Amino acid sequence: ERNQADVSEAKAGRTDLIFLIRFRHCCLLRNQRCLLAYLYDRLLRIRALRWEYGSVLPNTIQFHMSAEEVEWFNRYKKSLATYMRSVGGEEGLDLTQDIKPPKSLYIEVRCLRDHGEFEIDDGTTILLKKNSQHFLPRWKCEQLIRQGVLEHILS
């Protein structure tokens with residue numbers, strides 16, 4: 001507002017204000033660039049949260065996000081889900097599995113908290129209780145590891 005007022009005065013003949021007007025304008029442009037860089041970095045971090053935590057964010061993380069960021073996350077989640085369904089045939093392809101290439105197909109895991117029943121592809125149901133240990137297919141339990149339900153036991 002002060003810049004606009006000074007521009008009006010500069011048009012009226014006060015040329016000594018031109019440098020002040022340019023300085024303020026450059027400061028505003030710099031602040032705008034910094035703000036856009038900050039917002040872009042937040043969007044990249046929110047996108048990474050989808051790959052790390054899956055389609056449902058923990059409440060502790062969602063609490064620190066604005067309504068617009070939550071909306072952006074939900075739109076990104078839907079867009080990613082649509083893409084994954086389109087590339088994998090009938091069932092789709094879950095790109096969030098095996099972020100790091102597995103060394104073995106089965107891993108030993110320990111349950112960190114009660115989770116309930118967990119079904120494997122062959123129809124076997126396993127009860128995931130706190131401190132229980134299981135030998136499970138990596139791709140079935142990787143999401144639960146990222147959510148903090150299971151812990152990979154390295155031998």
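In this text, all values refer to a predicted model and were calculated from it rather than measured experimentally.
Atom CZ of Arg22 is surrounded by 12 or fewer heavy atoms from other residues, nucleotides or ligands within 6.0 Å. Within a 6.0 Å sphere centred on CG of Asn59, heavy atoms belonging to other residues, nucleotides or ligands number 12 at most. Counting heavy-atom neighbours within 6.0 Å of His152 NE2, excluding the residue itself, gives a total above 12. Other residues, nucleotides and ligands place no more than 12 heavy atoms under 6.0 Å from the CZ atom of Arg2.
Both Tyr53 and Met84 belong to a single network of hydrophobic side chains, linked directly or stepwise wherever heavy atoms of I, L, V, M, F, W or Y lie under 4.5 Å apart. Under the 4.5 Å side-chain heavy-atom criterion for Ile, Leu, Val, Met, Phe, Trp and Tyr, Ile61 and Val149 are members of distinct hydrophobic clusters. At a threshold of 4.5 Å between side-chain heavy atoms, the hydrophobic network of Ile, Leu, Val, Met, Phe, Trp and Tyr places Leu49 and Ile145 in two separate groups. Note on Ile18: it does not cluster hydrophobically with Leu28, by side-chain heavy-atom contacts below 4.5 Å among ILVMFWY residues. Note on Tyr76 and Val87: same hydrophobic cluster, where clusters join Ile, Leu, Val, Met, Phe, Trp and Tyr whose side-chain heavy atoms are under 4.5 Å apart, directly or indirectly.
Take Gln62 and apply the side chain to side chain donor-acceptor pair (under 3.5 Å) test, not counting sequence neighbours, and it matches no residue.
Once rounded to the nearest 0.5 Å, the distance linking CD of Glu117 with OG1 of Thr124 reads 12.0 Å. In this structure, CD in Glu68 is found 10.5 Å from CD1 in Ile46, a value given to the nearest 0.5 Å. With rounding to the nearest 0.5 angstrom, the CG atom of Leu57 is 10.5 Å from the CD atom of Gln147. The CG atom of Leu128 sits 5.5 Å away from atom CG of Leu150, with the distance rounded to the nearest 0.5 Å. Atom-to-atom distance recorded for Cys26:SG and Arg24:CZ is 12.5 Å, nearest 0.5 angstrom. Taking CD of Gln133 as the start and CD of Glu108 as the end, the distance is 5.0 Å to the nearest 0.5 Å.
Of all heavy-atom pairs spanning Lys129 and Cys111, the tightest one is O-CB, 3.0 Å. Taking each heavy atom of Lys140 and Ile120 in turn, the nearest pair found is CE-CA, 4.2 Å. Residues Ser132 and Leu127 come closest through the heavy atom pair OG-O, 4.2 Å. Considering every non-hydrogen atom in both Ser55 and Phe73, the closest pair reads O-CE2, 3.7 Å.
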Item to check | Pair Glu1-Asn3, side-chain contact (heavy atoms from CB on, under 4.5 Å): steps then yes or no | outcome: CA-CA 5 Å; Glu1 291 174 356; Asn3 243 17; over 6 Å; no

Next on the checklist: Let's go through Ile107 and Cys141 carefully: what are the C-alpha distance in whole Å and the side-chain angles of both, what is the deciding distance for side-chain contact (heavy atoms from CB on, under 4.5 Å) to 0.1 Å, and is it a yes or a no?
Outcome noted: CA-CA 9 Å; Ile107 58 173; Cys141 60; 3.8 Å; yes

Item to check | CA sep, side-chain torsions, deciding dist, call: Arg138, Tyr106, side-chain contact (heavy atoms from CB on, under 4.5 Å) | outcome: CA-CA 5 Å; Arg138 173 184 289 275; Tyr106 285 82; over 6 Å; no

Next on the checklist: As a quick check of understanding, evaluate side-chain contact (heavy atoms from CB on, under 4.5 Å) for Phe118 and Leu144, giving each step before the final call.
Outcome noted: CA-CA 10 Å; Phe118 181 70; Leu144 292 174; 3.5 Å; yes

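Between Asp6 and Arg14 there is no salt bridge, since none of the side-chain N atoms of the basic residue sits less than 4.0 Å from a carboxylate O of the acidic one.
Judged by distance alone, with hydrogens and angles left aside, the side-chain atoms of Arg146 form a donor-acceptor pair with the main-chain N or O of Trp51 at under 3.5 Å. Checked by atom type and distance alone, the side chain of Ser79 never pairs as donor or acceptor with a backbone atom of Arg75 at under 3.5 Å. Of the possible polar contacts, none joining the Asp41 side chain to the Ala37 backbone as a donor-acceptor pair under 3.5 Å is found.
Residues Val109 and Glu151 fail the side-chain proximity criterion, which asks for heavy atoms closer than 4.5 Å. Taking the side chain as every heavy atom from C-beta outward, Asn74 and Val70 approach each other to under 4.5 Å.
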